[in-house]
J.: 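Attaching a single structure in structure tokens format; questions to follow.
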Amino acid sequence: MNSCSDVELRVVGANLPRKDAIEKVTGQALYSTEVSLPGMLHAKVLRSPRAHARIRSIDVSAAETAPGVHAVLTHADIPKHFMPVYGYFIKDQPLVAVDHLRYVGDIVCAVAAESEAAAVEALARIRVDYEDLPVAASIGAALAPEAAELFPEAPPGIVPAYGDGASAILRPGKNICYQFNYTTGPPSAFERCDHVFEDTFHFSRMHHYHLEPFVTVAEARADRINLWSACQNPFPLRKELARMFKVPENRITVNVPFIGAGFGAKNNCKTEPVAVMLAMMTGRPVRFCLTMEESFLTNTQHAAILKLRTGVMADGRFVARESDIWLDAGAYSDASPLVAEKAGYRIPGPYRWKHIDTRCYCVMTNTSPAGPFRGFGGTQTTWAGESQLDMIARRLGIDPYEMRLKNLLKLGEPFVPGESGIDSDLKEGLDLVAREVGYFDYRKSPPKPKGVKARGVGLSIGFKDGGGVNKPAQARIKVSTNGDIYLHCGTVEIGQGARTALAAFAAEILCAPYERVSLPEINTDYLPFDQGTNASSAIAVMGQAVACAADSVKKQVLEFAASQLECPASELVLDNWTIRQGEKRHPMVPMIMRYYGGTGFEFTGEGYYKAPSDHHAPLEAPCVFWEIGWGGVEVEVDTETGQVKILRLVMSGDTGRSVNPLVCRGQEDGAAVMGIAQTLFERMIYNDAGQLLNNDPLVYRVPLAEDVPASFRSITQEQGHGPGPFGAKGAGEATILPVASAVANAIEDATGARITELPITPERVLEALTRQQAK
Amino acid sequence: MVSYLRLHFTVNGTPQALRIPANTLLLDLLRDRIGLKGAKVGCSRGVCGACTVLVDGQPVAGCSTFAFQAQGAMVETIEGLARDGALHPVQQAFIDHAALQCGYCTAGMILLAKALLAHDPDPDRATIVEWLSSNVCRCTGYQLIVEAVEDAARRMRQAAQDDPGAEA
């Protein structure tokens with residue numbers, strides 16, 4: 001589709017410089033942290049030191065008279081007609097606390113002052129009398145009979161429409177805000193199984209650790225609100241703010257400069273509501289920028305417990321899976337219901353089943369709110385599903401690779417009834433990583449243990465649906481008289497290279513040099529609507545809208561030229577703003593000026609794409625594309641110390657077609673390294689009192705260059721089956737998925753010991769070895 | 001009371017003489033007073049390195065360095081690297097290898113690499129990894145950055161060979 005009819009691809013598939021490269025290597029790229037307005041005040045908030053408490057009383061009088069203070073915001077200062085709570089499906093997070101504090105870091109009140117230092121000094125003068133409540137800092141504690149309710153009264157919430165087999169419930173039980181269910185096939189399938197295995201897996205949580213903090217600058221002038229914010233989904237943010245502050249959407253402008261990464265964290269309200277409220281109170285622009293310590297208290301990944309009951313035949317064929325998944329949602333629902341939907345839906349993995357029955361619960365705990373995080377439920381389910389597959393294979397005496405082959409969905413086979421077909425050849429990817437990691441050599445001649453060192457190999461296939469659910473995309477392309485191309489779309493450049501890829505589509509289709517495409521900064525007044533930069537959707541969803549807009553503008557240009565040249569448009573080819581008519585060449589510029597006059601014209605094309613709604617699809621629209629990450633790893637385990645050394649590590653995703661191969665590789669490298677960290681060391685550690693013990697960049701460990709195994713390689717496959725322009729599909733999440741299970745599988749291969757809890761620390765390996773020897 | 005001091009130093013080759021509060025951090029001075037925003041505010045704890053600048057050729061975390069510590073020194077920031085419209089070889093290598101994503105760590109990583117290559121024009125991969133391990137990049141997984149630095153080193157050695165008098 002959509003290629004220049006008579007030329008090879010010139011732009012798509014080439015390693016052209018990123019659109020943002022010059023600005024970023026010269027220090028000229030501007031982020032929200034750099035936004036500064038005349039008269040701007042600075043906000044800071046008082047955060048709860050208690051994990052669960054009621055506010056008996058609060059005295060802010062000394063803060064109000066502190067030097068440089070312009071406003072102190074408590075719940076009492078919010079106009080009664082506002083709706084000062086936010087959240088995705090469930091509106092449960094208050095702008096500032098009413099009287100109930102649910103985690104360490106919950107916002108008690110806020111101050112706007114001449115400087116951050118003045119705001120911090122004012123906060124120290126605020127006196128709060130807390131009444132402690134019982135703390136539930138983990139899934140287990142929150143579900144215990146004696147646990148206190150985080151929400152004694154139900155906050156307003158909705159359950160979206162679901163299709164065949166899927167359903168959800170609000171507040172199905174104490175401290176559970178949402179439950180997603182999915183079932184297909186007859187439960188009697190379990191009765192025909194030769195074996196049923198039940199295993200439980202624990203998944204620890206990470207912080208996104210985006211280097212750019214959460215930051216917003218807001219001004220409320222006349223009847224308008226203007227914001228500059230590090231936000232991944234500016235249009236839904238605008239809608240949420242309009243609802244909260246009772247302002248029409250067309251009087252709120254969200255500007256998004258470059259974003260210093262988000263990995264999911266920068267979706268929906270974060271620093272925005274407090275900044276807007278204080279701007280309204282003071283009449284001055286207000287900047288609210290968090291420290292990294294505060295970021296840890298604002299959004300995180302979901303810790304999880306996953307219990308899988310899997311029925312199989314003696315030859316290793318999967319038959320039925322029943323699963324219960326508990327996600328640690330933290331103190332507010334944020335995106336947890338959506339993550340539950342995805343975790344519950346993805347737990348079957350890329351395999352064929354006769355029966356699936358899953359329940360996924362969002363458990364409220366007195367910890368930082370969990371939200372969207374690269375992988376979005378798929379990381380948790382791949383950890384459990386791919387670990388259990390190997391465990392079952394070993395119990396049955398079947399090679400785990402062979403067991404995967406027996407069960408893998410074929411190319412084009414629907415994931416579940418009503419779904420779209422799998423758009424990667426799963427075996428092709430598995431064979432690739434197995435070969436690269438030496439899996440088949442191991443099976444031919446397993447290495448003998450050398451002293452206390454044992455070696456093993458493991459495989460895994462990470463699996464998630466990509467492109468979001470039921471997500472529309474709109475794009476607009478304008479071409480000036482001179483042939484300069486403007487690409488208008490709401491996809492936010494958060495580092496993933498979306499602007500580079502989307503510009504490449506436009507240039508390719510318009511047969512124009514890539515350099516001629518420019519994308520304006522995100523502004524919700526001028527750009528077409530977009531639901532948000534998430535779910536790896538830019539290529540496969542927005543990409544299709546961009547292609548459609550490019551096709552539209554190209555058609556207009558050719559028709560215009562045809563009318564000027566008095567010939568059918570089908571005789572004409574657009575080539576670098578020149579019309580080719582056989583051997584003849586007609587430059588566009590004089591043709592335009594002859595017709596429209598010397599001041600020229602702009603051709604404008606609109607593009608739209610949405611996967612069609614379909615009630616037979618469990619999530620109400622079939623999945624746009626499937627994001628698959630294959631992993632292979634070879635480890636050496638020191639059975640005396642529990643140290644795991646990664647000897648070979650191969651991670652692979654399938655981009656369908658790499659629009660820019662180096663940028664794609666960067667995405668897959670980055671996702672895999674995040675997965676390596678999650679596997680071996682990175683985690684947020686809470687004590688039973690709900691205190692985050694490593695809430696500090698000095699002690700919270702993220703991977704450095706030296707943590708990446710020297711042997712690490714990511715291999716980008718281009719299988720060509722993607723739904724996006726030129727066969728492309730989304731990328732960037734696939735290779736975080738399979739790392740942990742591949743490593744655990746390799747450790748079991750080496751030692752027979754099984755790790756079911758992340759991260760895989762030497763202590764856990766030693767424990768597992770001890771258990772293994774006791775058997 | 002905050003005391004003031006007079007600071008004399010050069011920033012990207014330009015001499016500066018400023019009266020500043022004694023507790024001013026180098027990063028705040030560069031960003032808020034001099035208007036050079038290329039060094040970023042990240043963790044503010046000297047861990048992530050997004051605020052890296054060079055002081056007399058040595059990489060330092062601007063967030064954890066007092067401005068007075070740069071008294072009399074030559075400070076270089078990312079804005080000073082390109083000369084007469086030509087990018088520094090490390091900058092060009094970062095572009096050619098797509099060694100950046102969100103860009104927030106990029107200035108720090110480039111300055112780190114520049115300092116490394118001034119110290120050791122022909123570093124092996126292990127040395128590059130060791131140097132880069134003082135800064136955090138959460139996006140790239142580091143591989144493309146390491147490759148960019150290897151390539152920049154090659155290019156700079158080649159340029160030095162072709163024109164021994166040229167400034168690296």
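Any value given below was found using the heavy atoms of this structure, including those in side chains, with hydrogens, waters and symmetry copies removed. We name chains A, B, ... by the order of the sequence lines, and we start the count at 1 in each one. The model shown is predicted, which means the values in this text are computed figures rather than measured ones.
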J.: Search all heavy atoms of A/Y31 against all heavy atoms of B/Y104 and return the closest pair with its distance.
T.: OH-N, 3.6 Å

J.: Starting at SG of B/C139, measure out to CD of A/Q496 and round the result to the nearest 0.5 Å.
T.: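 Between B/C139 SG and A/Q496 CD, I get 9.5 Å after rounding to 0.5 Å.
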
J.: Taking the side chain from A/K24 and the backbone from B/C102, do they hold a donor-acceptor pair closer than 3.5 Å?
T.: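 Looks like yes, one N/O pair under 3.5 Å.
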
J.: For A/L698, is it the side chain, the backbone, both or neither that has a heavy atom under 4.5 Å from a heavy atom of chain B?
T.: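 Answer is both: backbone and side chain atoms of A/L698 are under 4.5 Å from chain B.
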
J.: Using a 4.5 Å cut-off on heavy atoms from C-beta on, say whether the side chain of B/L144 contacts that of A/R665.
T.: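 Counting from C-beta outward, A/R665 and B/L144 do come under 4.5 Å.
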
J.: Go through A/R374, A/H210, A/E293, A/Q28 and name the one with the most non-hydrogen pairs under 4.5 angstrom from chain B.
T.: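 The option with the most such pairs is A/E293.
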
J.: Would you mind checking which part of A/L662 comes under 4.5 Å of any heavy atom in chain B, side chain (CB onward), backbone (N, CA, C, O), both or neither?
T.: both

J.: Please round to the nearest 0.5 Å and tell me the distance separating atom CG of A/D20 and atom OG1 of B/T106.
T.: 8.5 Å

J.: Within the 4.5 Å heavy-atom criterion, are B/V136 and A/Y209 side-chain neighbours or not?
T.: yes

J.: So for B/S44, is it side chain, backbone, both, or neither that comes closer than 4.5 Å to the heavy atoms of chain A?
T.: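 When you check distances to chain A, no heavy atom of B/S44 falls under 4.5 Å.
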
J.: What heavy-atom pair brings B/Y142 and A/V708 nearest, and what distance separates the two atoms?
T.: CD1-CG2, 4.0 Å

J.: Using non-hydrogen atoms and a 4.5 Å limit, figure out which bit of A/T33 sits close to chain B: side chain, backbone, both or neither.
T.: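 Contact with chain B is through both the backbone and side chain of A/T33.
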
J.: Where does A/A261 contact chain B at under 4.5 Å (heavy atoms): side chain, backbone, both or neither?
T.: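 Backbone plus side chain of A/A261, per the 4.5 Å heavy-atom cut-off to chain B.
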
J.: Can you tell me which portion of B/D96 sits under 4.5 Å from chain A's heavy atoms? Options are side chain, backbone, both or neither.
T.: backbone

J.: Given a strict heavy-atom distance threshold of 4.5 Å, which part of A/Q667 is in contact with chain B: side chain, backbone, both, or neither?
T.: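 It is both, since atoms from each part get that close.
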
J.: Who wins among A/S714, A/G670, A/A672, A/A710 for the most heavy-atom pairs under 4.5 Å with chain B?
T.: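 Max contact count across the listed options: A/G670.
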
J.: Which answer fits B/L100, side chain, backbone, both or neither, if we ask what part of it has an atom under 4.5 Å from a heavy atom of chain A?
T.: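 For B/L100, heavy atoms of backbone and side chain both lie under 4.5 Å from chain A.
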
J.: Does A/E34 reach the side chain of B/K40, with side-chain heavy atoms less than 4.5 Å apart?
T.: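 Contact flag for A/E34/B/K40 side chains = yes.
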
J.: Without swapping roles, check the side chain of B/Q101 against the backbone of A/G666 for a donor-acceptor pair under 3.5 Å.
T.: yes

J.: CD1 of B/I145 to CG of A/D669: how many Å apart, nearest 0.5 Å?
T.: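 The CG atom of A/D669 is 10.5 Å from CD1 of B/I145, to the nearest 0.5 Å.
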
J.: Quick check on the interface: out of B/Q91, B/E79, B/M109, who has the most heavy-atom pairs with chain A under 4.5 Å?
T.: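 The answer is B/Q91.
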
J.: Would you mind checking which part of B/R31 comes under 4.5 Å of any heavy atom in chain A, side chain (CB onward), backbone (N, CA, C, O), both or neither?
T.: side chain

J.: Under a 3.5 Å distance rule, please check whether B/S133 uses its side chain to pair with a backbone N or O of A/E706 as donor and acceptor.
T.: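 Yes: the side chain of B/S133 pairs with the backbone of A/E706.
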
J.: Can you check whether A/T26 reaches B/L87 side chain to side chain, under 4.5 Å on heavy atoms?
T.: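 Result yes, sub-4.5 Å side-chain heavy-atom pair found.
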
J.: Determine the minimum heavy-atom distance between A/M292 and B/C43, stating which atoms define it.
T.: SD-CB, 3.6 Å

J.: Using modelled atom types and a 3.5 Å cut-off, is there a donor and acceptor pairing between side-chain atoms of B/R138 and backbone atoms of A/H208?
T.: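 Side chain of B/R138 to backbone of A/H208, a donor-acceptor pair under 3.5 Å: yes, one is there.
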
J.: Select, from A/A29, A/S36, A/G497, A/P703, the one with the greatest count of heavy-atom pairs under 4.5 Å involving chain B.
T.: A/P703

J.: List the atom of A/P213, the atom of B/V41, and the distance in Å for their closest heavy-atom pair.
T.: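 Nearest pair, atom of A/P213 first, then B/V41: CD-O, 3.6 Å.
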
J.: Of the non-hydrogen atoms in B/C48 and A/L211, which two are nearest, and what is the gap between them?
T.: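 That would be CB-CD2, 3.7 Å.
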
J.: May I ask you to name which of B/L36, B/I78, B/D32 has the most heavy-atom pairs under 4.5 Å with chain A?
T.: B/I78

J.: Quick check for you: among A/E493, A/E668, A/M674, which has the greatest number of heavy-atom pairs under 4.5 Å with chain B?
T.: A/M674

J.: Can you give me the closest heavy-atom contact between A/A705 and B/L132, atom names plus distance?
T.: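 Looking at all heavy atoms of both residues, the closest pair is CB-CB, 4.2 Å.
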
J.: Rounded to the nearest 0.5 Å, what's the gap from CZ on B/R45 to CG on A/D696? Could you check?
T.: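 So the gap between those two atoms works out to 6.0 Å.
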
J.: Relative to chain B, which segment of A/V25 carries a heavy atom at a distance below 4.5 Å: side chain, backbone, both, or neither?
T.: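 A/V25 touches chain B through backbone and side-chain heavy atoms alike.
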
